[in-house]
Amino acid sequence: MVISHRPFFLAGIATVLTLGCVWGAINLFTIGMNESFSAVSYSWVLAHGHAMVFGFVGFFIMGFAYQAIPRFKQTTLRRPRLAFSSLPLMVAGLVLQTIAHLLSPPSLSLEVVASVIQLTAVIIFAVVMVQTMRQAGKRELYDRFVYAGLAWFLTAAIANPVIFKLFELPGSREQLLFNLATFNIPYRDVQLLGLAVVMILGISLRFLPHAYGLREPSKRWTSFLFWGVNGSIAGGVVFFIAGMTSGNHWLLTLQWLTAVVLLVIAIATPLQYGLFKAANTTDRGLKFIRAAHIWFIIATAMLVFTPIYNFGIYMPLTGSRVPFSHAFFGAYRHALTVGFIMMMIVGVSSKVVPTLSGLDVRRAYSLWPTFVLLNLGNLTRVSFQIATDFSPAAYPVMGISGFIEVVGLALWGHELFLNMRPGWSKWTRSLQHTNDCQTITTPSLKC
Ligand code: HEM
């Protein structure tokens, strides 16, 4: 049986255009029109965040890894039928978890069922990938990033029902505020930095130089990248939870230092690839990958700037007695998620999908409208979300920015779908003709 990236990518696009960005845009519009971040139920925000991480990011990472890693390693995917079962399991788990969030009161028993199903999907993905990489017997620099990304994915899947209990059924408002203040940032760091950023940085080491003729990063840098990013995430999580529960500000200072390491990584990574030097390709994905790395620098710079903003700007200018701006942190989060994570997924998929369908990427539609709308929408969202701290007039502008992004993403999703169709019929034919053997039926991807 041949496993294809297509059903996974389609599930990812479907997530974006339903529970993910479309719902996010509706939430943002509601917040904008009501000039308040409490205008939408927090359960809705949680359902959106979860769908984007396990659904959008999860489906694209699984689909890409099942397809590309066996090719990179010139081997076959272990247990393809088992691997494929992770797709329906993840879909079912996501739907059930969304219902669990939306029931009133939220249902812990349904959440337990949903999270066990999702954990099973993640375990299957991890086992298949580890076995496939081991059987290849070909050790490469990016391998440990994949292993680390899988470990973060498992950690997030195990923590998922615990977080549901802490955020959805805390017992009292006071307890909810404590739970959010203590566990929201570490949990999202495990998901967004651990799963998404570690996987993207690791796969980029293998993909970017081959696909775009970029420079290979040095071994020393790769080693620093691996320990720097994973150490920052792990240290950040531990120092933050310990600092918040003990009230020890030195621990929070150590956590802040981990953000400085991430900023150094964000600045140095594109330099290592020579990403902004003239490239001998007009590939449509390259502009997304360049923009993504600029957003990565913006996001990590915002993370480093967070305490300065909270204490030096937000508190004195707004008179708030709480040193935390929800608006600024939400803006940082979407600089990272839409700016870096989503932009990388759009860029890489717009090269990989037509190539695997046997189409000539040079003749494919340039995706400039998607590029402009996604960047414009995110820039508007990030800047005006911060501005809501100082002027209510910023709310409506922020409120419409989500729809700008959604139009850009719908154009990308439609184009990707059209590019998948030629390869899809080949793939379904190959399913009929092969029985449990891994045959490569698509043209070789130059990566
Ligand atoms: C069109 C794009 C998007 C829109 C319009 C959107 C909208 C929103 C809104 C309105 C919120 C709540 C307010 C806030 O915290 O700022 C939110 C929170 C969140 N979003 Fe998005 N979002 C988008 C893309 C993404 C992407 C790509 C991801 C992840 C890959 C993501 C993950 C999250 C997370 C984790 C939260 C926070 C949940 C929490 O507070 O725990 N979003 N989003």
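Counting starts at 1 for both ligands and their atoms, in listed order. Since this is a predicted model, take the numbers as computed values, not measurements.
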State, yes or no, whether a side-chain contact exists between Leu195 and Phe54 at a heavy-atom distance under 4.5 Å. no
Would you say Tyr395 has more than 12 foreign heavy atoms packed within less than 6.0 Å of its OH? yes
Are Tyr365 and Asn419 linked by a side-chain donor-acceptor pair shorter than 3.5 Å? no
So Phe37 and Thr388, do their side chains get closer than 4.5 Å, heavy atoms only? yes
Tell me if the CH2 atom of Trp221 is crowded by more than 12 foreign heavy atoms within 6.0 Å. yes
Could you tell me if Gln97 and Ser115 have a donor-acceptor pair between their side chains, going purely by distance under 3.5 Å? no
Dump all N/O pairs between ligand 1 and the protein below 3.5 Å as a table: atom names plus distance, one pair per row.
unit_1, atom_1, unit_2, atom_2, d
ligand 1, 15 (O), His326, NE2, 3.4
ligand 1, 16 (O), Arg381, NH2, 3.2
ligand 1, 16 (O), Gln385, NE2, 2.9
ligand 1, 20 (N), His48, NE2, 2.9
ligand 1, 20 (N), His334, NE2, 3.0
ligand 1, 22 (N), His48, NE2, 2.9
ligand 1, 22 (N), His334, NE2, 2.9
ligand 1, 40 (O), Tyr42, OH, 3.2
ligand 1, 41 (O), Tyr42, OH, 3.2
ligand 1, 41 (O), Asn184, ND2, 2.9
ligand 1, 41 (O), Arg188, NE, 3.0
ligand 1, 41 (O), Arg188, NH2, 2.9
ligand 1, 42 (N), His48, NE2, 3.0
ligand 1, 42 (N), His334, NE2, 3.1
ligand 1, 43 (N), His48, NE2, 2.8
ligand 1, 43 (N), His334, NE2, 2.8

